[in-house]
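Scroll down for the structure; my scribbles are underneath it.
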Amino acid sequence: MSNKKFVFMFSETDETMKNLVGGKGANLGQMTKLGLPIPQGFTVSTEACTVYYQNKENLPDYIFDQINSSLVELEKITNKKFGDPMNPLLVSVRSGARVSMPGMMDTILNLGLNETVVKGLAEITNNPRFAYDSYRRFIQMYSDVVMGLPKPRFEEIIDEMKEERNISLDTEFSANDFQEMIQKFKALYKKELNEEFPSDPKKQLYGAIEAVFASWENPRANYYRKINGIPSSWGTAVNVQSMVYGNMGETSGTGVAFTRNPANGEDKVYGEFLLNAQGEDVVAGVRTPSPLAELGKIMPDVYQQFIDLAKKLENHFKDMQDIEFTIENGILYFLQTRSGKRTAHAALKIAVDMFETNMIDKERAIMLVKPEQLDTFLHPQFDESALKKAKRIGEGLPASPGAATGQVVFNVEQAIEQVNKGNKVVLVRLETSPEDIEGMHVSEGFLTARGGMTSHAAVVARGMGKCCVSGCHGLVVNEAKGFFTVGGEKYHLGDWISLDGSTGIVYGGKIDTRPATISGDFEKFMTWCDEIKTLDVRTNADTPNDAKQARAFGAQGIGLCRTEHMFFEADRIKAMREMIVSENIEQRKKALAKLLPMQQSDFEQIYEAMEGMPVTIRYLDPPLHEFLPTQDSDIEELAQELGVSKEKLIDKIASLHEFNPMMGHRGCRLSVSYPELAEMQTTAIIQAYINVMKRNPDYPAVPEIMIPLVGEVRELKFVKDIVVETADKLIKESKMDLKYLVGTMIEIPRAALLADEIAKEAEFFSFGTNDLTQMTFGFSRDDAGVFLKDYYEKRIYENDPFATIDQEGVGKLVEIAVKKGKEANPHLHLGVCGEHGGDPRSVEFFHKVGLDYVSCSPFRVPIARLAAAQSAIKYKK
Ligand code: ADP
Ligand code: MG
Ligand code: MG
């Protein structure tokens, strides 16, 4: 163990070593290699961080030994000595994980100073003001970062001293002022921590390094990791770097810059700097920094050198860089470079510009845009100036992005009534249910008091590409009286409100929105993705409108057409209910006969909308209770229609009650009990298809019939036999040459384990990863939100398995099913149609395990296309 290398000089590392020395360290190494002016130093590796935690949060001596040797090495390189008053080496201690991560320990500058060293520094630089300024900064940072003594305590002292002297800027303090400040800081330190401020430079260094490792587990860092899916096993590295001083006077300074404009992508260096300043002064907002171009007037040579080297870095890394630099007495140093964060618009423009100027190839261009960023282009947005003036009334979860503004309604009837009058509405509910679908369709967005990111409202909203804020804190909905309250405000039916589904913020009043614009760059970029990706991207669409939307976003077919959503519309739900409460097969057939023409015409329209692209239609799936009336008046109406007594109907409904409907009478089990259901649905599909074929003889795709919730090959066979018998009869009668495919969903673990048997009866598999996830974990998607947060907090699960596929467990089942299925049937076509189909990390997994397509909601299609292209590049043979 102890002969392993844990500490690396910058000259020993490069950009390929991010996992070992962190992003900051790897790039400092790479910049050293490229010959840029870098204050030298060394990096304590992420593996040392792992050891630190294995060793009860202590670094073992063998790592300290390596740190000491590297320090000696650094003394040689810099020709300075740690702790030597006449020629002191001072260092910064900087955290640096694999990816840049807010929440980690703040940087400590000027480490190595004490009462003796500071005197020496004042003398040799002939600049006491600089020396004492550096020391007081060090005390502030060390106390805050290593000892947890909060910054404001020090700010108070500084503010008092400013007041006494009647000055407003730090730069107006004299050397003597700083000396006095140092004594006050130390007194505060002693009072609060009951010990002297450490004066031994080595002790300071060890303390700082361990503090960086300890900060890896602080709550802020943990939270950031959780929302960004960064494993806590990665650990952070620590960089120890010799100091350069931006606070030596008016020919010194510090700044930050982007090699392009991060807001709009314009190809022009963009940045800010401050003279006579150190570290984070630029971003801390104490003084107002100047635009970088000003530097060109003050120090033209330094400026030109900076621009040249910045472009050199951009060219090397083939990406826009975010750079931190310092000027010491007119000499430029680079302190950090990394890929810069940018808006979605900038990301697209930069990728396209860099490709078109031959700086990068298409593959690289595709890697420069994050799939999630595309979301911005796909939803309406608030007008920014209008948003600034808006009144914020509450906040919930940003469940589905976009902007919505409309008049408050509380139920489906109100929604439809208002929309028919030409008004825009926002649906406000305690929570939504499948019965609200129609009202949801016509609303601009939904606001709910209950529910999480995977609640009904959230899932439906994302599916429809509508804006949704769910789980809004303090929202009380009184539907009966027609008002809601939030944050002490009361809003009535018809009042205007606005929702920002990207932030979760709720505003009172109307805010102008503008529709999503798909710019030329966006289109161009997406065609590049299509050239490169190998995974097809289909969509989940239940209506011709969804289908058209998805095609506009580049979908290559429908991977999941749910037949049940069509049944919630007012004229259909009655027939559906009639079917469900039927006492006998005659009644049921009568009800089904009413549904048949509606279903058939829906399918025809969807086939037409898809113009020959493949369409997978799934047979009726949900638990039947979702369709049953709950309101007294509805029950009465239905009883009349059926010609039975209300009491009898109530009994019937009660008899359909299930304790666990998710695992109840649903999916293919319905057709096992009621074969006439599969018969009707087959008739609707084949008849619709025949009609479309008559109109468009060269309609290329064949119908794909999907039987859900199969766990046993014999149940699949049972339903399939009905399908085949019904379909073949119709085809024969039509005298047309027609083919169709029968496949199944793999969403019950047993089906995945027995996929070889099931593949004998199935021509395709579609992984229903929503159900597969809940069945594999054994908790329900609709209820898990409540306790999953405890699991995240206690670090049992790191992220939501319903949002990103659990590769280890659920993913293992997918892999097993792919392998076994292909062995039994090499022509088996494979896809996925759960929510995961639109999640970039899951898409990558599906690409890796060899699926043929993913299917996702229309508004995720461009995101999935980009994710698929990036996967193809990443796993290129
Ligand atoms: P963050 O990750 O928060 O940006 P950094 O480790 O980059 O923290 O440090 C913040 C700032 O501290 C840098 O931008 C730079 O201005 C200053 N700094 C860090 N190390 C040094 C150094 N060796 N010499 C001079 N300034 C430094
Ligand atoms: Mg910082
Ligand atoms: Mg930095």
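In this text, all values refer to a predicted model and were calculated from it rather than measured experimentally. Counting starts at 1 for both ligands and their atoms, in listed order.
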- Option whose closest heavy atom lies nearest to atom 25 (C) of ligand 1, chosen from Leu28, Leu90, Val244, Asn110: Val244
- Query: Using a heavy-atom cut-off of under 4.0 Å, does the side chain or the backbone of Val256 touch ligand 1, or both, or neither?
  - Reply: neither
- Examine Phe197 together with Tyr142 and report whether their ring centres are nearer than 6.0 Å. yes
- Name the option, out of Gly41, Pro39, Ser242, Ala97, that contains the heavy atom nearest to atom 23 (N) of ligand 1. Ser242
- Task: Considering the heavy atoms of Leu109, write down every atom of ligand 1 situated less than 4.0 Å from one of them.
- Result: 12 (O), 17 (C), 18 (N), 19 (C), 20 (N), 21 (C), 27 (C)
- In terms of the angle between their ring planes, are Phe130 and Tyr245 parallel, tilted or perpendicular, with boundaries placed at 30° and 60°? perpendicular
- Proximity flag Lys24 to ligand 1, non-hydrogen atoms under 4.0 Å: yes
- For the ring pair Tyr135 and Phe178, is the centre-to-centre distance below 6.0 Å? no
- Please note down the angle at the Mg ion (ligand 3) between OE1 of Glu324 and OE1 of Gln336, to the nearest 10°. 80°
- Message: Do Arg136 and Ile158 have side chains that approach each other closer than 4.5 Å (heavy atoms only, starting at C-beta)?
- Response: yes
- Item | Parallel, tilted or perpendicular: rings of Phe185 and Phe154 (30°, 60°) | perpendicular
- Any luck finding a side-chain donor-acceptor pair between Asp319 and Ser339 under 3.5 Å? yes
- Query: Near Gly279, which atoms of ligand 1 are under 4.0 Å from a heavy atom of that residue?
  - Reply: 12 (O), 16 (O), 17 (C)
- Message: Can you see whether Glu180 engages Asn176 through a side-chain donor-acceptor pair at a distance of less than 3.5 angstrom?
- Response: no
- Please could you name the atoms of ligand 1 that Glu324 approaches to less than 4.0 Å, counting only its heavy atoms? 4 (O), 7 (O), 13 (C), 14 (O)
- Thr254 heavy atoms within 4.0 Å reach ligand 1 at atoms 16 (O)
- So which of Gln336, Gln241, Arg338, Glu328 gets nearest to atom 7 (O) of ligand 1, if we judge by its closest heavy atom? Gln336
